[in-house]
Amino acid sequence: MSLLSDLINLNLSETTEKVIAEYIWIGGSGLDLRSKARTLPGPVSDPSKLPKWNYDGSSTGQAPGEDSEVILYPQAIFKDPFRRGNNILVICDAYTPAGVPIPTNKRHAAEKIFSNPDVVKEEPWYGIEQEYTLLQKDIQWPLGWPVGGFPGPQGPYYCGIGADKAYGRDIVDSHYKACLYAGINVSGINGEVMPGQWEFQVGPSVGISAGDEIWVARYILERITEIAGAVVSFDPKPIQGDWNGAGAHTNYSTKSMRNDGGYEIIKQAIEKLSKKHKEHIAAYGEGNERRLTGKHETADINTFLWGVANRGASIRVGRDTEKAGKGYFEDRRPASNMDPYVVTSMIAETTILWKP
């Protein structure tokens, strides 16, 4: 195995200018990530300088067999923590040969919102708290849980340490460092309330980059769990019963909210979100009704509620924001399997562009 490891870690720059670019895109379910690699003649740092590519959409549920070609447009570049050197990861979105975005391409519509002059002027910042559950590969049961059984009740696991409380920390720390290496603005990690469940935070990120960074962070996590022989689940309620679900709390601010007098702007934005609660819930992730029950630090899915320092609310405002009279708020409704392009752009559209 040492020779295999040596070959995997070969430093290409010692013998060639060529680099490997891993093109990443979202598959037909809207949740599955796909990727394939190609050789480039030399280092590239600008996605517009990368060639478009194609793939067989009939094998990803994104095109019929008789007209299966889907075109990848490179949109963002990250350093590759697996191959290292000048090798890169490339986030792409997908189009028909005629240049029309395919239905699962949510980035294109999000980019339109984020490029609107009124949105650009407000510089929307996002901080996304991505929760996930690590599963044992062969039985699809949380890592560290007894096969066919349950661990002790919730309480000691949140930010816990020790072999009987923290399951999968090697995966989590590997992911943390790999994301920082890649150039993702990961701001932290922590163990979650349910054992085997963890969270990483990305941000602050501006506009469309929040979606790009979450998707590539998810990709890196899936690659690391592949190596570790585990499975990552983004299901919002992986275990039924008295166990916390998994969300993707989305912290948000605009320039007006961050400036003096911003608290009034925050309250106006929350009022707008309350009027579009159903539309947001419909776009905030599959299976979210299993998580948003009014228990386990959630508000009921049919109820819109906001409050200061209230983790049982739909929207939470921090004490620091209230005290300073400016800052940000947290939308606690998005599920862990949400599409960050959809959620971030929808929040911007409702709070900045929509005129009720």
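Contact check for Asn185 versus Glu213: side-chain heavy atoms found under the 4.5 Å cut-off. Residues Ile24 and Leu89 form a side-chain contact, since some pair of their non-hydrogen atoms from C-beta on lies under 4.5 Å apart. By the 4.5 Å heavy-atom criterion applied to side chains, Leu134 and Val231 are not counted as neighbours. Within the 4.5 Å cutoff, side-chain heavy atoms of Lys272 are placed close to those of Pro356. For the pair Phe82 and Ile220, the minimum side-chain heavy-atom distance is below 4.5 Å. Leu50 places a side-chain heavy atom less than 4.5 Å from the side chain of Ile88. By the 4.5 Å heavy-atom criterion applied to side chains, Arg223 and Glu226 are counted as neighbours. Between Ile128 and Thr344, some side-chain heavy-atom pair lies under the 4.5 Å cut-off.
Panel note: side chain Glu123, backbone Val120; no donor-acceptor pair is recorded below 3.5 Å. At distances below 3.5 Å, not a single donor-acceptor pair connects side-chain atoms of Arg291 with backbone N or O atoms of Lys237. Distance alone, capped at 3.5 Å, is enough to place a donor-acceptor pair between the Asn105 side chain and the Ala94 backbone. A donor-acceptor pair is defined here as one N or O able to donate and one able to accept, closer than 3.5 Å; no such pair exists between the side chain of Thr16 and the backbone of Leu12. Under a 3.5 Å cut-off, the side chain of Asn288 and the backbone N or O of Arg333 do form a donor-acceptor pair.
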### Full working for ring pair (Phe, Tyr, Trp, His ring centres under 6.0 Å) between Tyr176 and Phe200
CA-CA 8 Å; Tyr176 193 0; Phe200 64 89; 9.3 Å; no
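Under the ring pair (Phe, Tyr, Trp, His ring centres under 6.0 Å) criterion, Trp25 pairs with Tyr55, sequence neighbours left out. Checked against ring pair (Phe, Tyr, Trp, His ring centres under 6.0 Å), Tyr252 has the following partners two or more places apart in sequence or in another chain: Tyr126, Phe329. Legend: residues meeting ring pair (Phe, Tyr, Trp, His ring centres under 6.0 Å) with Trp145, ordered by chain and number and at least two apart, are Trp141, Phe150, Trp243. In terms of the side chain to side chain donor-acceptor pair (under 3.5 Å) criterion, residue partners of Thr60 (sequence neighbours excluded) are, by chain and number, Gln62. Under the side chain to side chain donor-acceptor pair (under 3.5 Å) criterion, Ser13 pairs with Asn11, sequence neighbours left out. Remark: Asn116 engages Asp118, Val119, Leu353 in a side chain to side chain contact (heavy atoms under 4.5 Å, CB included) (not counting sequence neighbours). In this view, Asp138 satisfies the side chain to side chain contact (heavy atoms under 4.5 Å, CB included) rule with no residue, not counting sequence neighbours. Under the ring pair (Phe, Tyr, Trp, His ring centres under 6.0 Å) criterion, Phe304 pairs with His277, not counting sequence neighbours. Among residues two or more places apart in sequence or in another chain, the side chain to side chain contact (heavy atoms under 4.5 Å, CB included) test is passed with Glu289 by Ile301. The side chain to side chain donor-acceptor pair (under 3.5 Å) test applied to Tyr341 returns Asp212, not counting sequence neighbours. Not a single side chain to side chain donor-acceptor pair (under 3.5 Å) links Glu69 to another residue, sequence neighbours left out.
Ring planes of Tyr157 and Tyr167: tilted class, angle from 30 to 60°.
In this structure, a donor-acceptor pair under 3.5 Å is absent between the side chains of Gln154 and Asp242. Checked by atom type, the side-chain pair Ser35/Tyr219 shows a donor-acceptor distance below 3.5 Å. Side chains of Asn190 and Glu192: a donor on one and an acceptor on the other come within 3.5 Å. A donor-acceptor pair shorter than 3.5 Å can be found between the side chains of Ser253 and Arg258. Between the side chains of Gln75 and Asp93, at least one donor N or O lies within less than 3.5 Å of an accepting N or O.
Rounded to the nearest 0.5 Å, atoms CD (Glu264) and CD1 (Ile266) are 9.5 Å apart. With rounding to the nearest 0.5 Å, the separation of CD in Gln201 from CD1 in Ile214 is 9.5 Å. Remark: Ile239 CD1 to Asn244 CG distance equals 12.5 Å, nearest 0.5 Å. To the nearest 0.5 Å, atom CZ of residue Arg169 and atom CG of residue Leu143 are 13.0 Å apart.
Salt bridge annotation for Glu122-Lys255: absent, with no cationic side-chain nitrogen under 4.0 angstrom from a carboxylate oxygen. Between Arg34 and Asp32, at least one side-chain nitrogen of the basic residue sits less than 4.0 Å from a carboxylate oxygen of the acidic one, meeting the salt-bridge criterion. Taking the charged nitrogens against the carboxylate oxygens, Glu22 and Arg83 do have a contact shorter than 4.0 Å, which makes a salt bridge. Ion pair Asp331/Arg316 not flagged as a salt bridge, since none of the NZ, NE, NH1 or NH2 atoms sits closer than 4.0 Å to an Asp/Glu carboxylate oxygen.
Placement of Ile315 and Tyr284 within a single hydrophobic cluster is found when ILVMFWY residues are connected by side-chain heavy-atom separations under 4.5 Å, directly or transitively. Cluster annotation: Leu292 and Val343 are assigned to distinct hydrophobic clusters (Ile/Leu/Val/Met/Phe/Trp/Tyr, side-chain heavy-atom contacts under 4.5 Å, transitive). Linking ILVMFWY side-chain heavy atoms closer than 4.5 Å, directly or via other members, places Ile224 and Val202 in a single hydrophobic cluster. Criterion: ILVMFWY side-chain heavy atoms under 4.5 Å apart, direct or through other members. Under it, Phe234 and Val186 are part of a common hydrophobic cluster.
Residue Ile161 places its CD1 atom among 12 or fewer non-hydrogen atoms of other residues, nucleotides or ligands, all under 6.0 Å distant. Atom NZ of Lys121 has 12 or fewer neighbouring heavy atoms from other residues, nucleotides or ligands inside a 6.0 Å radius. Annotation for Tyr181: atom OH counts as buried by contact number, over 12 foreign heavy atoms lying within 6.0 Å. Around the CD atom of Glu286, the shell of radius 6.0 Å holds no more than 12 heavy atoms that belong to other residues, nucleotides or ligands. Counting heavy-atom neighbours within 6.0 Å of Glu279 CD, excluding the residue itself, gives a total above 12. Heavy atoms from other residues, nucleotides or ligands lying under 6.0 Å from CG of Asp320 number 12 at most. Counted within 6.0 Å of CZ on Arg84, heavy atoms from surrounding residues, nucleotides or ligands total 12 or fewer; the atom is thus considered open.
Shown here for Pro81 and Ala182, the closest heavy-atom pair between the two residues is CD-CB, 4.4 Å. What you find for Trp215 and Gly30 is that their closest heavy atoms are CH2-O, 3.6 Å. Taking all atoms of both residues into account, the shortest heavy-atom contact from Gly312 to Leu305 is O-CD2, 3.9 Å. Contact record, Ser209 with Ser205: OG-CB, 3.7 Å, taken as the closest heavy-atom pair. The two atoms that bring Ile208 and Ala110 nearest to each other are CD1-CB, 3.7 Å, heavy atoms only. Minimum interatomic distance between Ala217 and His175 (heavy atoms only, all atoms of both residues): O-NE2, 2.9 Å.
Within the structure, the salt bridge (Lys or Arg N to Asp or Glu O under 4.0 Å) test picks out the following pairs touching residues 39-64 (sequence neighbours left out): Asp46-Lys49.
Remark: Lys267 fails to qualify as a cation-pi partner of Trp306 under the 6.0 Å distance and 45° angle criteria applied to the six-membered ring.
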